Amino acid sequence: MTTATKAATMNLDGQLLLPGDDDYDQARAVWNAMVDRRPRLIARCASVADVVTAVRTARELDLEIGVRCGGHSGTGLAVPDGGLMIDLTPLNDVSVDPVRRRAIVRGGALLGALDRAAQAHGLATTAGNVSHTGVGGLTLGGGMGWLARQYGLACDNVESYQVVTAAGEVVRASRDEHPDLFWGLRGGGGNFGIVTEFEFRLHDTGTRTLVAEYDFPLERAAAALRAWRDLNAEAPRRATFTASVGRNGLTTLGFVWVGDPAAARAYLPALRALGRPVAARVTEPSYVALQTREDSVQGHTYRRYSKGHYLRTLPDAAIEAFLLRGTESGHGSYAPNAGLQAYGGAIDEVPDADAAFSHRGTVFEWGTGMRWTDAGEDAARMAASRAAAATLAPYASGVYVNALADEGAEGVRRAYPAAKLARLRTVKDVYDPDNVFHLNQNIRPTGR
Ligand code: FAD
């Protein structure tokens, strides 16, 4: 049967898009404007039955599958060239039970929808820092956010998942049902099936936060960073320490606090240890405002490339490398902005064997960010980002799977230690032995 003939019989509750259709180009566009791939079919799924139909159709027609939630994967893994894109964006509703403190979040929802629905009741769960990121990709890779030091990663707060498997079956995964699948979904990415529903635990966080930021000039930045690192070791869980360095020559240090701002203000004097800043900003955004404050700077339509590392320690030499951003490598003119975000607290309290997510002993995550519009700059920008990452590599203990770009199998080996990877393979063997879901940071089944 040809693709066109089969497509005509697909009968979705949602919409099927083919090249040339009005919404086709908008549907295949993702966060990184460098991604320009053309699926043969886009199934905009509006029901679980649609997802089942799409998986079965793709397998019948031997079309590569890409799964789209927020479209934020750095390399555009959601968009298969010539394949079938399973677009979950119509499956985007969130319902909150404030009494049981649970949120049912469908597989195509964005973080903003979860935050807004939960905050209407003064509740929240761990979600990332940019509201147009997908709950799907973020949670399946782990999910780091401002609440993680208090409540664990996003994946640590999932009670159960509804999943469409590679065989086109609908199953539920929890500690009691398909516990091996549940384990794999907690950090193993989109390797084991398509999640159509997440059941999250919510917490009584209130709606208030405080953000403290202090700017230091380059000559005082290393000393300030060393003091910031030392303070972090004893920081309250409500504080997530942050550092950034960029093209303006300033290093910004501080923390994000979720909870009563009065308690955060009582903690502020500790930051005097950093030295004298040239500027200081202390603001009290609502939690929802905090969760959207990077939305514009992280907006769509730009070309993007980034790198990441996990660090268990931040020795003085790593601080020097952080500040230099690879500028000494010859790629200096395009050196990326770089940042550090603290882990620890509840993240590290979950036993390592509990979930596929790895490197819970991470103290800081390092990452770069840059955006540009001229395709002629692609190679130089990417080289500069790689050069910055290379200078931090000697201090790295691994990488967050959701921070991987185009590192391939080597990146996957950095994201999961060998024993985790071996166990992930056994789960893959059961739920996706043909590697139908491989447009992801791929866990290969045994023998493939
Ligand atoms: P998509 O490109 O739609 O999906 C990525 C992959 O996830 C897909 O290829 C598929 O394999 C899988 N997938 C997505 N949804 C499903 C589903 N429902 N079922 C099965 N598989 C699915 N990460 C953090 O932890 N914390 C942050 O604060 C954070 N901030 C970010 C900010 C920005 C601007 C960006 C670009 C990324 C950020 N990330 C953060 C990284 C983010 O977690 C990953 O990029 C993640 O893959 C994005 O998920 P998505 O659903 O938006 O992406």
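Counting starts at 1 for both ligands and their atoms, following the listed order. Quick caveat: nothing in here was measured; it's all calculated off a predicted structure. Computed from heavy atoms alone, side chains included, the values below leave out hydrogens, waters and symmetry copies.
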Can you list the residues that meet the salt bridge (Lys or Arg N to Asp or Glu O under 4.0 Å) rule with Arg423, with sequence neighbours excluded?
none

Does anything in residues 144-154 pair up under salt bridge (Lys or Arg N to Asp or Glu O under 4.0 Å), and if so which pairs, sequence neighbours excluded?
none

Indicate, as side chain, backbone, both or neither, the part of [X] found under 4.0 angstrom from ligand 1 when only non-hydrogen atoms are considered.
X	answer
Leu88	side chain
Tyr400	side chain
Val130	side chain

Under a 4.0 Å threshold between the charged nitrogen and the carboxylate oxygen, would Asp354 count as salt-bridged to Arg360?
no

Side-chain ion pair, Asp36 and Arg28, N-O less than 4.0 Å:
yes

Atom 16 (C) of ligand 1 sits nearest the protein heavy atom Leu140 CD1, 3.8 Å

Just to confirm my output: which protein heavy-atom neighbour is closest to atom 52 (O) of ligand 1, and how far is it?
Gly134 N, 2.8 Å

Is the closest protein non-hydrogen atom to atom 39 (N) of ligand 1 under 4.0 Å?
no

Would you say the ring centroid of Tyr416 lies under 6.0 angstrom from that of Phe357?
no

Give the atoms of ligand 1, by number and element, whose distance to some non-hydrogen atom of Asn440 is under 4.0 Å.
11 (O)

Nearest option to atom 12 (C) of ligand 1, as decided by whichever heavy atom of Pro80, Gly190, Ala109 sits closest:
Gly190

